[in-house]
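Beneath this line is the structure, given in structure tokens, with notes to follow.
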Protein chains: 2
Amino acid sequence: MTDFKEKLNDQSYKLTGQRQAVLDILTLHHEEHLSADQIHKLLEEQKGGVGIATVYRTLQLLEKLKLISRIYLDDGCTRYQIHLETEKHEHHHLICNRCGHVEDFQDDLLDPLEQQVFEQYGFRVFDHRVKFYGICRTCLNVQVN
Amino acid sequence: MTDFKEKLNDQSYKLTGQRQAVLDILTLHHEEHLSADQIHKLLEEQKGGVGIATVYRTLQLLEKLKLISRIYLDDGCTRYQIHLETEKHEHHHLICNRCGHVEDFQDDLLDPLEQQVFEQYGFRVFDHRVKFYGICRTCLNVQVN
DNA sequence: CGATCGAATGATAACAATTATCATTTAAAG
DNA sequence: CTTTAAATGATAATTGTTATCATTCGATCG
Ligand SMILES: [Mn+2]
Ligand SMILES: [Mn+2]
Ligand SMILES: [Zn+2]
Ligand SMILES: [Zn+2]
């Protein structure tokens with residue numbers, strides 16, 4: 001029994017072809033940050049496809065199961081990303097203002113700050129989200145040439 | 001001549017009552033993070049009010065002038081905040097998962113990290129946005145009692 | 001001042017993203 | 001297999017935002 005099916009069973013959700021298909025697409029394209037519409041279009045290329053309402057419903061479910069999370073990259077649309085098995089914590093993003101490329105960023109860098117926030121603000125931090133804006137490695141190299 | 005009028009003049013925008021009213025509301029409510037709709041409703045209580053289209057247009061303009069910025073607090077709606085004169089840099093947010101309260105957070109804490117990101121990822125950081133999730137001081141005290 | 005003129009506004013239509021509805025289909029359990 | 005509640009898909013409804021366009025208004029200049 002697959003890991004996904006187990007997680008669904010735990011909460012008495014059913015494993016459907018559509019749910020698996022959405023998860024598969026997100027896994028396959030884990031480097032991109034797909035919007036609901038992009039996911040829907042990618043699924044249409046497969047046999048049958050999945051209704052747009054089901055895409056949205058499945059994304060809500062996957063988010064509730066903490067298998068994915070949504071991110072806002074300031075381009076005005078909601079995007080989704082899968083949580084890979086390999087990452088212990090939520091990852092963050094390096095956003096290039098030149099080419100628009102978004103690179104994932106495994107942190108742990110901020111963990112020491114959480115203590116500092118507690119001391120300074122009395123706020124107990126459990127989680128954080130960071131976006132860094134700047135110029136990516138590729139664009140920096142182009143500038144040099 | 002007001003500071004706002006100057007900034008508008010610089011780019012040959014006109015100072016209108018509506019633009020001033022939107023800016024005033026954002027200044028008055030600078031601790032909250034108002035949505036376009038909330039701003040519109042607050043303005044309706046004043047004489048005349050401001051059309052919703054103008055509210056959106058003004059928010060776009062104020063953002064372009066870097067007098068405000070939009071934030072996403074994961075409640076599915078776009079919110080706006082004014083940049084106070086007193087803050088040198090963009091501020092960040094402490095979001096309480098218990099009571100939903102959002103506290104502003106003046107950082108500089110992350111500045112040392114930007115160098116580290118460059119060394120580790122070759123990405124030159126110019127700006128960053130952080131959200132810390134956790135339990136606020138008030139909710140922590142309640143828990144203790 | 002008052003005339004002039006392009007910019008700004010408001011009402012509302014259009015659009016895009018998301019959610020709700022409901023008849024039909026299907027996964028899972030017995 | 002049957003049964004049954006859950007899930008799906010087509011599509012209507014809703015919501016947030018932008019576009020359109022006739023009307024109004026702020027700033028400039030005599
Ligand atoms: Mn990512
Ligand atoms: Mn703020
Ligand atoms: Zn780049
Ligand atoms: Zn709280």
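Below, read A as the first sequence line, B as the second, and so on, with proteins coming before strands; counting in each chain starts at 1. These numbers come from the heavy atoms of this one structure, side chains and all, not from hydrogens, waters or symmetry mates.
Residue-level contact check: B:Ser12 touches neither bases nor backbone, having no heavy atom under 4.0 Å from any strand. No engagement by B:Ser35 is indicated, since no non-hydrogen atom pair under 4.0 Å with the nucleic acid exists.
The nearest whole Å value for the distance from the CD1 atom in A:Ile52 to the C1' atom in C:dA17 is 9 Å. One atom, OH of A:Tyr13, and another, C1' of D:dA7, lie 12 Å apart when rounded to the nearest Å. For the pair B:Asp37 CG and D:dT18 P, the computed distance is 14 Å after rounding to whole Å. As a whole-Å value, the separation of A:His40 NE2 from D:dT11 P is 12 Å. In this structure, A:Ile39 atom CD1 and C:dA17 atom C1' are separated by 14 Å, rounded to whole Å. Put simply, CZ on A:Phe4 is 14 Å from C1' on C:dA27, counting in whole angstrom units. As a whole-Å value, the separation of B:Gln20 CD from C:dA8 C1' is 15 Å. Separating the CG atom of A:Leu34 from the P atom of C:dA17 is a distance of 15 Å, rounded to the nearest angstrom.
For the pair B:Leu59/B:Leu26, a side-chain contact is recorded, criterion being any heavy-atom separation below 4.5 Å from C-beta on.
For the residue pair B:Glu90/B:Ser69, the side-chain donor-acceptor check at 3.5 Å is satisfied. With hydrogens and angles left out, the side-chain atoms of B:Tyr13 and B:Lys5 include no donor and acceptor closer than 3.5 Å. Under the 3.5 Å distance criterion, with hydrogens and angles disregarded, no donor-acceptor pair is assigned to the side chains of A:His91 and A:His83. Inspection of the A:Arg70 and A:Gln81 side chains reveals no N or O donor paired with an N or O acceptor under 3.5 Å. At a cut-off of 3.5 Å, with distance as the only test, no side-chain donor of B:Arg57 or B:Gln18 sits close to an acceptor on the other residue.
In the region residues 54-72 of chain A, proximity to DNA chain D at under 4.0 angstrom, judged on heavy atoms, holds for A:Thr54, A:Arg57.
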>> Could you go through B:Lys131 and B:Asp74, starting from their C-alpha distance and side-chain angles, then the distance that decides it, and tell me whether this counts as salt bridge (charged side-chain N to carboxylate O under 4.0 Å, His left out)?
In response: CA-CA 10 Å; B:Lys131 290 185 278 190; B:Asp74 311 271; 3.1 Å; yes
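Aromatic ring centres of A:Phe123 and B:Phe132 lie farther apart than the 6.0 Å criterion allows.
Surrounding CD of A:Glu31 are at most 12 heavy atoms belonging to other residues, nucleotides or ligands under 6.0 Å away.
Aromatic ring pairs are classed by plane angle as parallel below 30°, tilted from 30° to 60° and perpendicular above 60°; the pair A:Tyr72 and B:Tyr72 is parallel.
In terms of phosphate contacts, B:Thr16 brings no side-chain nitrogen or oxygen within less than 4.0 Å of OP1 or OP2 of D:dC25. Considering only side-chain N and O atoms, B:Thr78 lies under 4.0 angstrom from the phosphate OP1 or OP2 of D:dT17.
Considering only the side chain of B:Gln18, C:dG10 comes nearest among C:dG10, D:dG9, C:dT18.
If B:Gly76 and B:Ala53 are placed on DNA chain D by their nearest nucleotide, the residue sitting closer to the 5' end is B:Gly76. With DNA chain D read from its 5' end, the first of the two nearest nucleotides for B:Ala36 and B:Lys14 is the one closest to B:Ala36.
Taken over five-pair windows at either terminus, the axes of the helix from C:dC1-D:dG30 to C:dG30-D:dC1 are inclined to one another by 40° (rounded to 10 degrees).
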